[in-house]
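All heavy atoms count here, side chains included; hydrogens, waters and symmetry mates do not. The shown structure was predicted, so the numbers you read here are calculated from the model rather than taken from an experiment.
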Amino acid sequence: MLSFITLLFCLGEIAFPALMLCLVYPFSKRAALFWSDYITCHCARVVFALLGFYRKFRLLEDKKSLENLPPQFVVISNHQSLFDIVVYLRFFGGKKARFVAKDTLGCVPMVGKMLKSQGHCMIPRHGSPSVAMLSIDSFSGRVLSGGKTPIIFPEGTRTRDGNVGQFYAAGFRRLVEGTSLPVAVCALDGGWQISRLDSLFKNLHRGSYRVKVLKVFPFPSTKDEQKNVLEEARELIKNQLDEWRKLPPSSDAV
């Protein structure tokens, strides 16, 4: 019963702004951006509050790790679930976070309009590598001029078992070369347990999502530096996941 109530409240919270976004999207970019920002800023907070109240679900954010970040930076992270996007919107601020995502998300009702109106990077799933690189180039210009925080998942796809997959260099290199920004390595854990619809509400109950900034690297200007950042980032994330998974289920540690 509580699962059903939680679902109703979550749907109710996003229903009106989602409807407004769909209505104004064809006519006004400014209005579409307003409702997209409203969804990513306000609704994300409310949805996590509802999940915490009804399902005892905890979002555990290491806010102290945000204190020494530079004014603008590129984020690289492991990837476990579509909920990762919502977590980072909450962690870094919905008006600032911008993602490198597959263009298939553009076909999802509301989500596609939100991503497009906010200027996220939509990589063609079946396009040529040159088209993907041009998409990242355009994205780099937008985040720099808008003072946004670009976020990329070097694994390229979600991991089903929560382990860290291989990090691919092409998109990451293009993004850092196009922005010349420092690189913040972040880890998150918990999304893989709620990535499937059939286990979503079962694992939400008394579950948790952890997120933390692990290290900030200065802008890696050469290919060797970029390779070293990716390799060290993957090890840092793996080690952080190991530490988190040693904690008792009731722990609030991040």
[atom1]/[X] to [atom2]/[Y] distance, rounded to the nearest 0.5 angstrom?
X	Y	atom1	atom2	value
Asp189	Arg210	CG	CZ	8.0 Å
Leu60	Leu247	CG	CG	9.5 Å
Phe99	Gln118	CZ	CD	9.5 Å
Phe219	Thr222	CZ	OG1	9.0 Å

Who passes salt bridge (Lys or Arg N to Asp or Glu O under 4.0 Å) against [X], sequence neighbours left out?
X	answer
Asp103	none
Asp224	none
Arg173	none
Glu231	none

Can you tell me if NZ on Lys223 sees more than 12 non-hydrogen neighbours from other groups inside 6.0 Å?
no
Which residues pass the side chain to side chain contact (heavy atoms under 4.5 Å, CB included) test with [X], not counting sequence neighbours?
X	result
Glu232	Lys215, Phe217, Leu236
Lys64	Asp62, Glu67
Arg90	Arg45, Phe48, Leu59, Glu61

If you define the side chain from C-beta out and look only at heavy atoms, does anything of Leu214 sit under 4.5 Å from Lys212?
yes
Heavy-atom check, side chain of Val213 versus side chain of Phe73, under 4.5 Å
no
Donor-acceptor pairs under 3.5 Å, side chain of residues 174-183 to any protein atom, not counting sequence neighbours: which ones?
residue, atom, partner, partner atom, Å
Arg174, NE, Asp137, OD1, 2.8
Arg174, NE, Asp137, OD2, 3.3
Arg174, NH2, Asp137, OD2, 2.8
Glu177, OE2, Gln226, NE2, 3.4
Thr179, OG1, Leu175, O, 2.8

For residues 138-156, please give each side-chain donor-acceptor pair under 3.5 Å, one per line with the distance, not counting sequence neighbours.
residue, atom, partner, partner atom, Å
Ser138, OG, Arg142, NH1, 2.9
Ser140, OG, Ile136, O, 2.9
Arg142, NE, Gly119, O, 3.1
Arg142, NH2, Gly119, O, 3.1
Arg142, NH2, His120, O, 3.2
Ser145, OG, Gly141, O, 3.1
Ser145, OG, Arg142, O, 3.1
Lys148, NZ, Lys95, O, 2.9
Glu155, OE1, His79, N, 2.7
Glu155, OE2, Gly165, N, 2.6

Show the atom names and distances, to 0.1 Å, of all donor-acceptor pairs under 3.5 Å that link a side chain in residues 18-36 to residues at least two apart or in another chain.
residue, atom, partner, partner atom, Å
Ser28, OG, Ala31, N, 3.1
Ser36, OG, Ala32, O, 2.8
Ser36, OG, Ser117, OG, 2.6

Group every Ile, Leu, Val, Met, Phe, Trp and Tyr by side-chain heavy-atom contacts under 4.5 Å, then state whether [X] and [Y] land in the same group.
X	Y	answer
Val164	Val87	no
Val75	Tyr209	yes
Met133	Met122	no
Val111	Tyr38	yes
Val185	Val254	no

If you take all heavy atoms of [X] and [Y], which pair is closest and at what distance?
X	Y	value
Ala97	Leu89	CB-CD2, 4.0 Å
Tyr88	Ser77	OH-OG, 2.7 Å
Arg245	Asn163	NH1-OD1, 3.7 Å
Leu188	Gln80	O-NE2, 3.5 Å
Thr40	Met114	CG2-SD, 3.5 Å
Phe167	Leu230	CD2-O, 3.7 Å

Stepwise, does the side chain to side chain contact (heavy atoms under 4.5 Å, CB included) test hold for Phe92 with Leu69?
CA-CA 11 Å; Phe92 290 114; Leu69 288 173; 4.1 Å; yes
Is the side chain of Asn78 donor-acceptor paired with the backbone N or O of Ile237 at a distance under 3.5 Å, no angle test?
no
Can you pull the salt bridge (Lys or Arg N to Asp or Glu O under 4.0 Å) pairs that have at least one residue in residues 110-121, sequence neighbours excluded?
none
Name all residues meeting the ring pair (Phe, Tyr, Trp, His ring centres under 6.0 Å) criterion together with Phe172; count only those two or more places apart in sequence or in a different chain, and write none if there are none.
none
